[in-house]
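We count residues from 1, following the sequence as given. Values reported hereafter were calculated over all heavy atoms of this structure, with side chains retained and with hydrogens, waters and symmetry mates removed.
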Amino acid sequence: MELELRHLRTVRAIADTGSLTKAAATLGLAQPALSAQLRRIEKALGGTLFERDHTGARATPLGELVLERARVVLPAVSELQAEAVRFANAREALDRFRLGGTHGPLLGGLVDRMAAAHPSAAVSTYTAWSVDEIASLVIDGRLDFALIGTCGESAPPLADRLVWEVVGVDPVFVMLPEDHPLAGEAELDLAALADECWADVPGDGCFADCFTAACARSGFTPVSVYETDTSSVVHLVQVGRAIGLCRATFPPTPGLVTRPLAGAPLSWRHLVGWHPRSPAADAAAGTVAAATREAYAEAVSRSPTYARWLGAHPRFGTVA
């Protein structure tokens with residue numbers, strides 16, 4: 001029998017779980033089938049790989065040797081597969097811009113700028129609520145660039161495999177109906193909204209937990225939080241059913257106002273990312289990252305409330 005990658009995965013699973021029973025469950029095999037496979041592997045390698053008794057399975061010296069090699073080979077093969085997929089989905093010359101985003105305020109502005117600067121290049125978009133999905137598509141070579149947001153200082157997805165640049169940092173604002181009793185205030189304490197229902201858009205990351213923690217620091221627990229699409233959030237605010245949570249760059253909208261929270265208890269970072277070994281990497285620093293910052297600056301300028309607020313809060317806004 002020739003040794004295959006699946007055999008190395010079997011040996012690693014037994015070592016990681018310390019038991020043939022647990023390894024069989026992890027691999028989706030019946031234990032007798034796993035035991036028979038291990039015997040064949042041991043015969044192919046010329047010796048016993050695990051000492052087995054009622055307490056579990058422990059690697060023999062030969063087993064330790066095989067495990068040492070397996071823990072090098074298996075990740076290397078996984079990386080090779082990922083690189084091959086990425087390569088197959090890439091073009092040597094970047095004659096297109098495949099942009100992925102998470103329903104943020106910058107994607108439209110970036111599309112406009114890339115189409116104007118590269119009229120002969122195809123510009124396409126893909127949107128999803130999940131930043132992890134968008135990042136995975138960049139890894140696979142199915143997208144060239146990702147436009148995402150992260151809560152506070154939380155790390156972007158796949159930070160060890162993708163290059164991420166922060167283009168701007170916003171406080172999280174609240175969205176009120178224009179006839180709300182607090183709509184005329186320049187800034188609001190979160191505690192003043194303790195009795196309200198809330199609405200925001202869903203997504204990955206820690207934002208929901210950070211919002212709950214900010215409310216706790218202000219002495220209350222949110223009555224309820226509606227997670228829904230942006231249009232529904234706007235509707236719920238306009239009809240007085242909820243207070244919305246939004247990026248400070250949210251554009252002026254009939255029937256509602258946006259206001260900052262005192263002390264900026266919640267923040268949001270806008271990032272653009274790409275694969276460092278893709279054809280897109282050469283275009284990123286000189287073209288796409290700069291265009292994304294321009295799109296962000298334009299989004300800020302469309303929100304007079306935020307533009308005024310930035311004058312007194314220089315730690316927010318565009319990141320050079």
Side-chain angles (χ1 to χ4, degrees), residues 5 71-118 120-170 203-206 267-297 299 317-320:
L5 289 174
R71 286 174 176 142
V72 173
V73 170
L74 291 175
V77 171
S78 295
E79 181 65 20
L80 171 61
Q81 290 174 325
E83 287 291 304
V85 170
R86 181 188 60 78
F87 184 86
N89 284 289
R91 295 179 184 172
E92 287 303 313
L94 192 66
D95 57 354
R96 64 186 178 189
F97 295 90
R98 297 169 301 170
L99 312 175
T102 51
H103 302 274
L106 307 185
L107 185 58
L110 181 57
V111 169
D112 181 35
R113 283 163 174 77
M114 299 316 297
H118 302 274
S120 63
V123 179
S124 61
T125 61
Y126 177 85
T127 58
W129 292 115
S130 170
V131 296
D132 293 332
E133 178 184 351
I134 294 293
S136 295
L137 291 171
V138 176
I139 288 289
D140 291 343
R142 302 180 191 280
L143 291 174
D144 300 310
F145 299 97
L147 278 176
I148 68 163
T150 62
C151 177
E153 295 299 320
S154 60
L158 301 170
D160 58 333
R161 300 178 65 188
L162 297 176
V163 176
W164 293 102
E165 283 196 14
V166 180
V167 298
V169 181
D170 291 341
D204 301 325
C206 60
S267 63
W268 192 259
R269 294 189 301 159
H270 301 278
L271 302 99
V272 58
W274 59 89
H275 196 290
R277 293 191 296 278
S278 72
D282 292 335
T287 303
V288 177
T292 306
R293 287 185 173 87
E294 292 174 3
Y296 173 76
T318 304
V319 176

task: Would you mind reporting whether F97 and V111 have side-chain heavy atoms less than 4.5 Å apart?
output: no
message: Just verifying a value: how many Å separate L107 CG and T292 OG1, rounded to the nearest 0.5 Å?
response: 9.5 Å
Donor-acceptor contact below 3.5 Å, side chain R269 vs main chain G168: no
query: Taking the side chain as C-beta and beyond, is there a heavy-atom pair between W268 and C151 under 4.5 Å?
result: yes
message: Using 0.5 Å steps for rounding, measure from the CG atom of L158 to the CG atom of D160.
response: 6.5 Å
message: Return the CG to OG1 distance between L143 and T125, rounded to the nearest 0.5 Å.
response: 9.5 Å
- request: Check whether any side-chain heavy atom of L147 lies under 4.5 Å from a side-chain heavy atom of L99, and answer yes or no.
  value: no
- line: In terms of heavy-atom contacts, P156 and T150 come closest through CA-CG2, 4.0 Å
field: Verdict with supporting geometry, V319 and V169, side-chain contact (heavy atoms from CB on, under 4.5 Å)
entry: CA-CA 7 Å; V319 176; V169 181; 3.8 Å; yes
- prompt: So do the side chains of D170 and Y296 get within less than 4.5 Å of each other, counting heavy atoms only?
  reply: yes
- request: Compare every heavy atom of A135 with every heavy atom of W164, then report the nearest pair and how far apart it is.
  value: CZ2-CB, 4.3 Å
message: Once rounded to the nearest 0.5 Å, what's the spacing between atom CH2 of W274 and atom CG of L162?
response: 10.0 Å
task: First locate atom OG1 of T102, then atom CG of D132, and finally report the distance between them rounded to the nearest 0.5 Å.
output: 11.0 Å
- prompt: Quick one: OG1 on T287 to CE on M114, what's the gap to the nearest 0.5 Å?
  reply: 5.5 Å
statement: Minimal heavy-atom distance between I148 and P157, with the atoms involved, is CD1-CD, 3.6 Å
field: Nearest heavy atoms of A289 and V167, plus distance in Å
entry: O-CG1, 4.4 Å
- prompt: Any sub-3.5 Å donor-acceptor pair from R98's side-chain atoms to G141's backbone N or O?
  reply: yes
message: Please check: side-chain N/O of R161 versus main-chain N/O of H275, any donor-acceptor pairing under 3.5 Å?
response: no
message: I need the minimum non-hydrogen distance between L110 and A291, along with the two atoms involved.
response: CD1-CB, 3.6 Å
